[in-house]
Asks: 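This structure is in structure tokens; I'll ask about it shortly.
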Amino acid sequence: MKLATWNVNSLAVRLPQVLDWLAANPVDALVLQETKLTDDKFPHAEFAAAGYAAQWHGQKTYNGVALLSRSPALDVVRNIPGFDDEQARLIAGTVDGPLGPVRCIGGYFPNGQAPDSDKFVYKMRWLDALHDWVRAEMAAHPNLVLMGDFNVAPEDRDVYDPVAWAGQIHCTPEERAQFQRLLALGLTDAFRLFEQPPKSWSWWDYRNLAFRKNQGLRIDHILVSPALKPRVAACGIDKLPRKNERPSDHAPVVVELTAS
DNA sequence: ATGGCTCTAATGTAGAGA
């Protein structure tokens with residue numbers, strides 16, 4: 001069973017690339033971030049024609065998330081229950097597969113803008129609410145995957161220039177502590193279960209030839225629950241879509257789970 | 001050099017992203 005996450009930075013612009021990617025990478029489920037579409041504009045018919053059921057939660061201009069799956073997702077949740085949020089940042093659903101039901105949570109975590117900003121305060125509140133809700137979800141769903149654009153680089157090795165980025169947004173001690181709190185729930189960063197190429201990033205700035213110079217951050221993650229950890233067969237970042245014409249600034253992250 | 005590029009609202013320009 002393969003699951004993936006991809007911040008597409010506008011699904012209106014990137015739909016052809018997402019369809020191409022799914023044709024080449026027929027994953028069982030894919031969560032999208034930054035769709036930037038109101039719900040009436042979501043291209044569910046195009047995904048249905050490609051063999052994917054869709055659940056979505058969007059808004060105008062900013063944010064927006066979706067969950068695509070081969071078999072339709074059940075018990076779908078939009079945004080963090082109990083956390084009043086005007087921004088469309090989370091979707092969850094249960095996807096059936098060879099391992100039985102898997103709870104798939106896709107999140108577009110707040111950017112935070114700057115450590116001294118109101119948006120950083122919101123990011124911390126959002127992460128607090130996520131932590132408490134994920135704990136409850138893990139109790140209800142042993143097979144659980146939390147994936148998405150976390151907007152956190154967990155360690156210095158996830159940053160192309162850790163000295164320049166020290167204390168900057170995505171790299172502050174507060175954000176990294178929030179990432180560790182999620183791990184402390186029993187979740188595992190699937191990417192780090194394997195040897196990976198050094199300087200592995202999931203995002204590269206559009207500016208300054210950052211992709212060509214491989215100057216990026218690893219901020220898109222897939223965390224798995226204890227029951228799934230021994231089932232993780234592979235996890236990697238697919239840089240190919242970043243080489244396309246008009247690419248997203250993020251690359252997809254993929255995890256493979258085996259039944260035995 | 002605090003920008004660089006890309007997206008959205010728009011149709012000139014500004015805010016956000018990371």
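Computed from a predicted structure; not experimentally measured. Reminder, nothing fancy here: chain letters follow the sequence lines and each chain counts from 1.
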Asks: Taking ring-ring contact (aromatic ring centres under 6.0 Å, His included) as the test, write out the residues that go with His44(A), two or more places apart.
Replies: Trp56(A)
Asks: Walking along DNA chain B from 5' to 3', note the first and the last nucleotide with an atom under 4.0 Å from a heavy atom of chain A, and give both.
Replies: dG4(B) to dA18(B)
Asks: Distance from Asn151(A) atom CG to Asp220(A) atom CG, nearest 0.5 Å?
Replies: 8.0 Å
Asks: Roughly how far apart, to the nearest Å, are dG12(B) and dG17(B) at atom P?
Replies: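 Result for the P pair: 26 Å, nearest Å.
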Asks: Which part of the nucleic acid does Gln168(A) contact within heavy-atom distance under 4.0 Å: base, sugar-phosphate only, or nothing?
Replies: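 Answer is nothing: Gln168(A) stays at 4.0 Å or more from every strand.
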Asks: Roughly how many Å apart are dA18(B) and dC5(B), using the C1' atom of each and rounding to a whole number?
Replies: 12 Å
Asks: Closer to the 5' end of DNA chain B via nearest nucleotide, is it Ile219(A) or Pro247(A)?
Replies: Pro247(A)
Asks: Tell me, please, which residues at least two apart from Pro72(A) pass side-chain contact (heavy atoms from CB on, under 4.5 Å).
Replies: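 With neighbours one apart ignored, the set is Ala53(A).
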Asks: Work out how far the C1' atom of dT11(B) is from that of dC7(B), and round it to whole angstrom.
Replies: 16 Å
Asks: With sequence neighbours left out, what residues match Asp205(A) under salt bridge (Lys or Arg N to Asp or Glu O under 4.0 Å)?
Replies: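 Residues passing salt bridge (Lys or Arg N to Asp or Glu O under 4.0 Å) with Asp205(A): Arg207(A).
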Asks: Any base atoms under 4.0 Å from Asp220(A), or only sugar-phosphate, or nothing? Heavy atoms, all strands.
Replies: nothing
Asks: Quick one: list whatever passes salt bridge (Lys or Arg N to Asp or Glu O under 4.0 Å) with Arg89(A), sequence neighbours left out.
Replies: none
Asks: Could you check whether Asn63(A) gets within reach of a base, just the sugar-phosphate, or nothing at all, counting any heavy atom under 4.0 Å?
Replies: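 No contact.
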Asks: Using atom P in both nucleotides, what's the gap between dA10(B) and dT6(B) to the nearest angstrom?
Replies: 23 Å
Asks: Quick one, which residues of residues 113-122 of chain A touch DNA chain B with a heavy atom under 4.0 Å?
Replies: Gln113(A), Lys119(A)
Asks: Please measure how far the P atom in dG4(B) lies from the corresponding atom in dT13(B), and state the result in whole Å.
Replies: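 Here dG4(B) and dT13(B) have their P atoms 16 Å from each other.
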Asks: Nearest nucleotide by nearest heavy atom, which residue falls closer to the 5' end of DNA chain B, Pro110(A) or Thr61(A)?
Replies: Thr61(A)
Asks: Applying side-chain contact (heavy atoms from CB on, under 4.5 Å), name anything that partners Ser71(A), two or more places apart in sequence or on another chain.
Replies: Val95(A), Asp96(A)
Asks: Sequence neighbours excluded and cut-off under 3.5 Å, please list the side-chain donor-acceptor pairs for residues 236-243 of chain A, or say none.
Replies:
from      : atom 1 : to        : atom 2 : distance (Å)
Asp238(A) : OD1    : Leu240(A) : N      : 3.0
Asp238(A) : OD2    : Trp21(A)  : NE1    : 2.8
Arg242(A) : NE     : Ser248(A) : O      : 3.3
Arg242(A) : NE     : Asp249(A) : O      : 3.3
Arg242(A) : NH2    : Trp204(A) : O      : 2.9

Asks: Does anything in residues 202-212 of chain A reach DNA chain B, meaning a heavy atom under 4.0 Å, and if so which residues?
Replies: Trp203(A), Tyr206(A), Arg207(A), Asn208(A)
Asks: Can you list everything that forms a salt bridge (Lys or Arg N to Asp or Glu O under 4.0 Å) with Arg181(A)? Sequence neighbours excluded, please.
Replies: Asp128(A)
Asks: Using the P atoms only, state how far dG3(B) lies from dA16(B), rounded to an integer number of Å.
Replies: 14 Å
Asks: Going by side-chain contact (heavy atoms from CB on, under 4.5 Å), name the residues that satisfy it together with Leu193(A), two or more places apart in sequence or in a different chain.
Replies: Thr188(A), Lys229(A), Val232(A)
Asks: Are the side chain of Arg218(A) and the backbone of Ala153(A) linked by a donor-acceptor contact shorter than 3.5 Å?
Replies: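 Side chain of Arg218(A) to backbone of Ala153(A), a donor-acceptor pair under 3.5 Å: no, none is there.
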Asks: Just to verify, what does His221(A) make a ring-ring contact (aromatic ring centres under 6.0 Å, His included) with, not counting sequence neighbours?
Replies: Phe150(A), Phe179(A)
